[in-house]
Structures are given as structure tokens and as C-alpha cells.
Amino acid sequence: MSHSQNRSNSVFTIESKDIILREYQADDVDALHNLTWQPHFHKYLIGWNAPREQREEWFVNYEMPENERFLDAVSRNGDPEQYRLRLGIILKETGEFIGICGTGIKDELSPPSREIFYGISEPYQNKGYTTQAARGLIMYLFENTNVEQLIALAHLRNDPSNKVIQKCGFQYCGDVEIEDQPHCYYKLTK
């Protein structure tokens, strides 16, 4: 695993065997929009399947600028503060945007509550790409930030997501209700 974080002239990336995590680029909005409308995606990630215009507004005005703030904060002192980082999962072989992986504060849970989250396009499920993405982000956070603990949530019936979390070494801590949905709650300490 390697990552590149020269903010002046390059795009932030985390490289794994088959995929690259990279900060959102302006031309990713259509791929992200299409991904969030796949049935398996919005079945478990509530509120992600917004109309195209709304997705673009969030993407351009909130998500890309917040990525910049996250990376700037980490480069200053290793503290991501309350910022989120949203990365595209890019298949090395084709350069295709096949999913998302990110981190942010889960407001519904008591601190420390920095979570990792992910979602991948259906044709690329069960190939190990999501686990590579999650492990890459976890390694980056533990090696380059002051984050000491991460959490992960997966819908009780989302077996693939629960398996990814477990493969990444998270410990099951019980079930929690988020937006009236039952979720498995996990923690991982540095």
C-alpha cells in the first residue's frame, strides 16, 4: 500500500493491489450518481440516491471542498478534525470508477465515532476490491492521522458489508438503530 499526498500538484491517492482510492474529481459525478442509484446501494445507504442535480450540487459545493479541508487539516497536524474524506474506488486495470470509500464522524453515535464507509458497483462485488479499499483507508488513517479508533456500521442483513468489516479486523460491539434500521456496530483500535 502506498499513498501520495503532495497537495500542490497531485491528486490524493491510496494504492492497493487491484484498486486505487483517489479523491473525487469533477468528472466523477456521473459515475457516482449512477452508482448510488443501483438498488443494492440505496437499499443500505439511506439518502444516497438523490436526483442528478442534487448529487452534483453536493459533489461540487460540499464533498470536493470538504475533501480538500480534510487533507489540508491532516497535512498540518495529523488531525482530520470533524471533516469527511470521500474517495472513489478506481479499478487499476481500466481506470473505471467502481465505488466509494470514505471516513467521517457518525453524529448519531457517541464519540469517538469516526467511521469508515464504502459501497461498490454490483458487477465488482465479491472480488475483494471493497476489502482492499477499506484496508487501505484504515492503514492511511492509522499511519497518517491522530485517529486512534474507527467504527463501522453495516445493516443487519447486509452480509457482504459485515464480512468486509470483519475481514478488516473490526470487533463486533452489538446492534444499534440508525434511522429506524438495525445495524451491526463495530470498533477497531489502532
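Start at 1 with the first residue, then count along the sequence. Because the structure is predicted, anything quoted here is derived from the model rather than measured.
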Using the salt bridge (Lys or Arg N to Asp or Glu O under 4.0 Å) rule, collect all pairs that involve residues 88-104, keeping only residues at least two apart or in two chains. E15-K92

With a 4.5 Å limit on heavy-atom distance, are the side chains of V29 and R55 in contact? yes

L91 CG to I20 CD1 distance, which is reported to the nearest 0.5 Å: 9.5 Å

How many angstroms lie between CD1 in I116 and SG in C168, if you round to the nearest 0.5 Å? 5.5 Å

Kindly say whether A50 contributes a backbone atom to a donor-acceptor pair with the side chain of W37 at under 3.5 angstrom? yes

Would you give the length of the straight line joining atom NZ of K127 to atom CD1 of I120, rounded to the nearest 0.5 angstrom? 9.5 Å

Value rounded to 0.5 Å, distance of CD1 in I90 from CG in D28: 5.5 Å

Quick check: does any side chain N or O of H155 sit under 3.5 Å from a backbone N or O of R157, one acting as donor and the other as acceptor? yes

Would you check if S161 and I165 make a side-chain contact, meaning some heavy-atom pair closer than 4.5 Å? yes

Just wondering, do L109 and I178 contact through their side chains at under 4.5 Å, heavy atoms? yes

Under 3.5 Å, is there a donor-acceptor pair between the side chain of Q25 and the main chain of E23? yes

Least distance between heavy atoms, C101 atom then L21 atom: CB-CD2, 3.7 Å

Beyond-backbone contact of P80 with N146, side-chain heavy atoms, under 4.5 angstrom: yes

Test salt bridge (charged side-chain N to carboxylate O under 4.0 Å, His left out) applied to E66 - qualifying residues, sequence neighbours left out: R86

Under a single-linkage definition using a 4.5 Å side-chain heavy-atom cutoff for Ile, Leu, Val, Met, Phe, Trp and Tyr, are L71 and I14 assigned to the same hydrophobic cluster? yes

Name all residues meeting the side chain to side chain donor-acceptor pair (under 3.5 Å) criterion together with R52; count only those two or more places apart in sequence or in a different chain, and write none if there are none. D30, E56

Sorted by chain and residue number, the salt bridge (charged side-chain N to carboxylate O under 4.0 Å, His left out) partners of R84 (sequence neighbours excluded) come out as none

For I89 against G119, the heavy-atom pair lying closest together: CD1-O, 4.1 Å

Distance (rounded to the nearest 0.5 Å) between N158 CG and Q181 CD: 11.5 Å

By ring-ring contact (aromatic ring centres under 6.0 Å, His included), F59 pairs with (sequence neighbours left out) Y24

To the nearest 0.5 Å, how far apart are CZ in F97 and CG in D27? 10.0 Å

Mind listing the closest non-hydrogen atom pair of S16 and G136 along with its distance? OG-CA, 4.5 Å

What about F117 and M64, same hydrophobic cluster or not, with Ile/Leu/Val/Met/Phe/Trp/Tyr joined at side-chain heavy-atom distances under 4.5 Å? yes

Residues which pass salt bridge (charged side-chain N to carboxylate O under 4.0 Å, His left out) with E108, listed by chain and number, not counting sequence neighbours: K106

side-chain contact (heavy atoms from CB on, under 4.5 Å) against E81, all qualifying residues, sequence neighbours excluded: A73, R76, D79, Y83

Could you report the tightest heavy-atom contact between L35 and I98, atom names first, then the distance? CD1-O, 4.1 Å

Excluding sequence neighbours, so at least two apart, what forms side chain to side chain donor-acceptor pair (under 3.5 Å) with T130? none

Check whether any side-chain N or O of T103 sits under 3.5 Å from a backbone N or O of E115 as a donor-acceptor pair, and report yes or no. yes

How are the rings of Y140 and F70 set relative to one another: parallel (under 30°), tilted (30 to 60°) or perpendicular (over 60°)? tilted

Could you tell me if the side chain of N67 sits less than 4.5 Å from the side chain of F12, heavy atoms only? no

Same cluster for I105 and V147 if Ile/Leu/Val/Met/Phe/Trp/Tyr side chains link at under 4.5 Å? no

If the condition is side-chain contact (heavy atoms from CB on, under 4.5 Å), which residues does D18 pass it with, not counting sequence neighbours? Y129, Q132

Quick check: do F170 and I138 have side-chain heavy atoms less than 4.5 Å from each other? yes

Name all residues meeting the side chain to side chain donor-acceptor pair (under 3.5 Å) criterion together with T131; count only those two or more places apart in sequence or in a different chain, and write none if there are none. none

Between C184 and L153, is there a side-chain heavy-atom distance shorter than 4.5 Å? no

Under the side chain to side chain donor-acceptor pair (under 3.5 Å) rule, collect the residues that match up with E148, sequence neighbours excluded. none

Looking at every non-hydrogen atom in both residues, tell me the closest pair between C173 and K187 and how far apart they are. SG-CG, 3.7 Å

Which is it for L85 and L141 under the side chain to side chain contact (heavy atoms under 4.5 Å, CB included) test, yes or no, and what are the steps along the way? CA-CA 11 Å; L85 178 66; L141 290 168; 5.7 Å; no

Side chain to side chain donor-acceptor pair (under 3.5 Å) partners of residues 168-178, not counting sequence neighbours, each pair once: Y172-D175

Atom of N162, atom of A154 and distance for their closest heavy-atom approach: OD1-CB, 3.5 Å

